[in-house]
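Notes follow once the structure below has been shown.
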Amino acid sequence: MINLLDSHTHTVVSGHAYSTIDEMARYASEHGIKVLAFTEHGPAIENAPGRIYFGNFNIIPREMYGIRVRFGIELNILDYDGTIDLKERELLKQDLCVASIHINCYEPGTVAQNTRAYENVLKNPFVNIIGHPDDGRIPVDYETLVCAAKENHKLLEVNNHSVRPGSVRYEGAKENLVKMLELCKQYKQPIVMDSDAHYMASIADTQFTMPIIEELGFPEELIVNTDLNKYYEYCPLKEIEKQTQICQ
């Protein structure tokens, strides 16, 4: 599989990552990536940037080292109602939004409660991707999740960091990914393979997720990383991005 993009990465701004925007963009360019998204943690996470950070992206170029760069957020899902930690006026300024559950700012509930949180956030028109819905500490009805993603035209993420040994989400992550991917095959629900990189050398890394994809015989046509047009159907370019023409 030729991987053209990474829609979930973090820089030093997130407080627990170790590369700058410039370092990440340069590394991605040197390794054949065409689109790189910076999605810092939302303000509900300790040491994450405040709201003002996410409102100033208009000053940053959307082309660096010959690739398209996108600036958004990894929103925190805060409760079972699907509340997130940016307001609509702030969401309007994001190139794209990943929405994830982190137990730092979410109390894991029952399967029904956790699933309801995802269902509700999937209805949010500003959300493009559900991030790492594989955490074994947060049980979910995966059939309901997959159907809700399909109904609302959102992407489900296959997160390489989750199944990396040593990850806080490692226990149960592979088993949950397998369940989700089998249902995605059944319902023809597209996925995005993301690194969740916290250091530049991890950008577009799929070393732990690709074996799972191959083992399941997951169809490439359901992986948006291989086709930028397909990716933009789910994560469309904003007006500020369209002003930057990049030869791809």
Side-chain angles (χ1 to χ4, degrees), residues 5-8 37 39 42 70 72-84 86 91 94-102 106 108-163 169 172-196 206 209 212-213 216-236:
L5 62 97
D6 197 338
S7 262
H8 184 169
T39 50
R70 311 191 74 189
I73 184 170
E74 184 181 12
L75 294 160
N76 293 292
I77 302 171
L78 302 175
D79 55 35
Y80 311 138
D81 293 325
T83 306
I84 51 178
L86 281 194
L91 292 167
Q94 312 309 303
D95 295 344
L96 78 165
C97 296
V98 178
S100 306
I101 290 177
H102 298 99
Y106 176 94
T110 63
V111 170
Q113 288 171 325
N114 298 330
T115 304
R116 179 160 62 90
Y118 280 130
E119 285 184 283
N120 287 332
V121 84
L122 280 164
K123 295 173 184 175
N124 189 311
F126 295 101
V127 171
N128 306 101
I129 298 168
I130 294 296
H132 51 73
D134 49 41
D135 194 331
R137 300 168 297 179
I138 305 164
V140 176
D141 179 336
Y142 283 101
E143 185 163 19
T144 299
L145 173 65
V146 169
C147 290
K150 188 171 184 66
E151 179 181 352
N152 291 283
H153 196 67
K154 312 291 187 181
L155 291 171
L156 295 174
E157 180 183 75
V158 172
N159 186 297
N160 190 70
H161 184 71
S162 292
V163 288
R169 298 189 299 271
K174 179 179 179 180
E175 292 78 5
N176 288 336
L177 271 182
V178 168
K179 288 179 196 174
M180 186 182 83
L181 288 167
E182 291 283 20
L183 288 160
C184 286
K185 281 173 64 176
Q186 179 181 339
Y187 289 100
K188 295 182 170 52
Q189 163 60 36
I191 62 164
V192 60
M193 297 184 70
D194 285 331
S195 68
D196 200 353
T206 59
T209 48
I212 300 171
I213 292 289
L216 294 176
F218 193 82
E220 189 170 302
E221 60 266 25
L222 292 179
I223 305 173
V224 300
N225 301 64
T226 64
D227 185 332
L228 293 183
N229 289 327
K230 193 178 298 183
Y231 166 68
Y232 291 137
E233 288 178 17
Y234 290 87
C235 303

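Going from atom OH of Tyr118 over to atom CD1 of Ile101 covers 3.5 Å, rounded to the nearest 0.5 Å. Rounding to the nearest 0.5 Å places CG of Asp79 at 10.5 Å from CD1 of Ile84. A distance of 5.5 Å separates CD1 of Ile213 from CZ of Phe218, quoted to the nearest 0.5 Å. Annotation: the span from Asn159 atom CG to Arg169 atom CZ amounts to 4.5 Å, rounded to 0.5 Å. Put simply, OG1 on Thr144 and CZ on Arg116 are 13.0 Å apart, with the number rounded to the nearest 0.5 Å.
The minimum heavy-atom distance between Gly42 and Ile73, with the atom names listed, is CA-CD1, 3.7 Å. Between Val140 and Asn114 the shortest heavy-atom distance is CG2-CB, 4.4 Å. Scanning all heavy atoms of the two residues, the minimum distance from Val127 to Ala99 falls at CG1-CB, 3.9 Å. Contact between Asp95 and Arg70 at its shortest, heavy atoms only, is O-NH2, 3.3 Å. Scanning both residues, Ala148 and Leu122, for their nearest heavy atoms gives CB-CD1, 3.6 Å. Nearest heavy atom pair, residue Pro190 against residue Val224, reads CB-CG1, 4.2 Å.
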Side-chain atoms of residues 173-185: list all donor-acceptor pairs with protein atoms under 3.5 Å, sequence neighbours left out, distances to 0.1 Å.
from, atom 1, to, atom 2, distance (Å)
Asn176, ND2, Asp134, O, 2.9
Asn176, ND2, Gly172, O, 3.2
Lys185, NZ, Leu216, O, 2.8

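For Tyr106, the ring pair (Phe, Tyr, Trp, His ring centres under 6.0 Å) partners at least two apart in sequence or on another chain are Tyr80.
For the pair His8/Ile129, no side-chain contact is recorded, criterion being any heavy-atom separation below 4.5 Å from C-beta on.
With His132 as the partner, the side chain to side chain donor-acceptor pair (under 3.5 Å) test is satisfied by one option alone out of Glu157, Glu74, His161: Glu74. When each of Ile223, Leu5, Thr226 is paired with Met193, the side chain to side chain contact (heavy atoms under 4.5 Å, CB included) condition holds for Ile223 and for no other.
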